[in-house]
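Reviewing the structure listed below.
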There are 2 protein chains.
Amino acid sequence: MARKQGSYADTTGPRVRDAALRLIAQHGFAAVSMRQIAGEVGVQAGALYNYIPDKQSLLFELLDSHMSEVMEAAAQARLSGTPLQRLEGFTRFHIRFHLPRRDAVFLSYMELRNLAPENFGRIAAKRRAYEDRLEMILRDGVADGSFVVDDTRITTLALIAQLTGITNWYDPAGRLTLREIETIYCALVRKSVAA
Amino acid sequence: MARKQGSYADTTGPRVRDAALRLIAQHGFAAVSMRQIAGEVGVQAGALYNYIPDKQSLLFELLDSHMSEVMEAAAQARLSGTPLQRLEGFTRFHIRFHLPRRDAVFLSYMELRNLAPENFGRIAAKRRAYEDRLEMILRDGVADGSFVVDDTRITTLALIAQLTGITNWYDPAGRLTLREIETIYCALVRKSVAA
DNA sequence: GTCTATACTTCGATAGAC
DNA sequence: GTCTATCGAAGTATAGAC
């Protein structure tokens, strides 16, 4: 089958999503107009509707695909070994995955409120499943005596907040390299749950 | 001097700010209209402009007064004793102060981007001053050997992110009381920096 | 697949009566 | 101090030509 020539269908769609992600992270969902997004991509506003049904669906798609990427990448990480080794593996994975995706991380926390209830539930479920991966590591560590934790659920949320918070201040041109930051946080996390 | 009678000047102003804080936390700055805020207060949109110059100033006032309250309350907390005691005092203060102000906390993270650059700088400076209070405790603890910390600045940001993250999931009707949550986090923070 | 043009709604902010 | 009325601008989304 011959493909249409001169068609940008394969590239314009992703470019719309990239532009939307960046603009919404910068200004907020309601503050960004379809005309702005179109302008960034280099088309007129009406052309966007070849790729998305409406603005609300665009937001959901951005958040949903981000959460799916997180889960897929986490599943492929295949952490193994002792609970302590798996904890360090999770810490490094979380930092390495999220730091290059700061816009998506910001959106997935700040713009959840702009989702319709049903869409909200789907995103929340995926996040919960990701959190459960860490909680399972903590449970295993408590079970075999390598960790001492008051409450595995609370500790899970505390550690994830601590790690994700890096996205609020990280500067690629800053004082510390990504590797140095990882090492500092690994030590911090390890001590937090140490026996 | 006789005060005007039938005037609601003293109460309408604060009510406007309360309504705006709640609505903006719920839907986002750009998504909330002046008409919505007015409707919540029980006046017409035009009446709001007796209390605020414009929408942008309203947002800045909300964030600025929140940061000022944080600093004032932190100053009055007058933490004293050993670094470990001061660290526990800070942890409990932070949780107790922020949990009842979840809307303001959310705004001061999510809506910073909607501030004019100059206003952004003023808020950022106040936040930095607050963070410095914790960092000073960590430095003192490292100096006298009661703490072992790789990097006091990073650890400061990590601990604050961990504590502030409680506002994302705390439910007053949830499994744990405020006091229990405090205790869990105190232990977590203590272990994080323990010698 | 993209454009131009536009229908329709809603926005922030102001003016002037009371 | 609040109301009604309104201005000018900007928003989402659609229709139809190319």
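Order of the sequence lines sets the chain letters (A, B, ...), proteins ahead of strands, with each chain counted from 1.
- Summarising the geometry, the separation between CD1 on A/I52 and P on C/dG1 is reported as 15 Å, rounded to the nearest angstrom.
- Note on the helix from C/dG1-D/dC18 to C/dC18-D/dG1: angle between the axes of the first and last five pairs equals 0°, rounded to 10 degrees.
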For nucleotides 13-17 of chain D, give me every protein contact, N/O to N/O, under 3.5 Å, one pair per line with atom names.
| unit_1 | atom_1 | unit_2 | atom_2 | d |
| --- | --- | --- | --- | --- |
| D/dA13 | OP2 | A/Y49 | OH | 2.9 |
| D/dA13 | OP2 | A/K55 | N | 3.1 |

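- Contact annotation: A/T12 side-chain N/O to C/dT2 OP1/OP2 distance is under 4.0 Å.
- Taking the ring centroids of A/H98 and A/Y170, they lie at or beyond the 6.0 Å cut-off.
- The pair B/D18-B/R22 fails the salt-bridge criterion, with no side-chain N (NZ, NE, NH1 or NH2) lying under 4.0 Å from an Asp/Glu carboxylate O.
- Taking side-chain N and O atoms only, A/S33 has no distance below 4.0 Å to OP1 or OP2 of D/dA10.
- Backbone-only contact: B/V32 has heavy atoms under 4.0 Å from sugar-phosphate atoms and none from a base.
- A salt bridge is absent between A/D150 and B/K191; no separation between the charged side-chain nitrogens and carboxylate oxygens falls under 4.0 Å.
- When all heavy atoms are compared, the tightest approach of A/A20 to A/L58 is CB-CD2, 3.7 Å.
- B/N114 places its CG atom 16 Å from the P atom of C/dC11, with the value rounded to the nearest Å.
- Counting to the nearest Å, the C1' atom of C/dG1 and the CG atom of A/N50 are 6 Å from each other.
- For B/Q36 and C/dT10, the CD to C1' distance is 11 Å, given to the nearest whole Å.
- Note that A/R127 lies in the cation-pi zone of A/Y109, set by a 6.0 Å cut-off to the ring centre and a 45° limit from the axis.
- Side-chain nitrogen and oxygen atoms of B/Q44 include none within less than 4.0 Å of the OP1 or OP2 phosphate oxygen of D/dT2.
- Side-chain N or O atoms of A/T167 include none that pairs as donor or acceptor with a backbone N or O of A/R102 at under 3.5 Å.
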Let's go through A/E40 and A/R15 carefully: what are the C-alpha distance in whole Å and the side-chain angles of both, what is the deciding distance for salt bridge (charged side-chain N to carboxylate O under 4.0 Å, His left out) to 0.1 Å, and is it a yes or a no? CA-CA 9 Å; A/E40 200 78 2; A/R15 289 181 65 219; over 6 Å; no

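- A/F93 meets the ring pair (Phe, Tyr, Trp, His ring centres under 6.0 Å) test with A/F97; sequence neighbours excluded.
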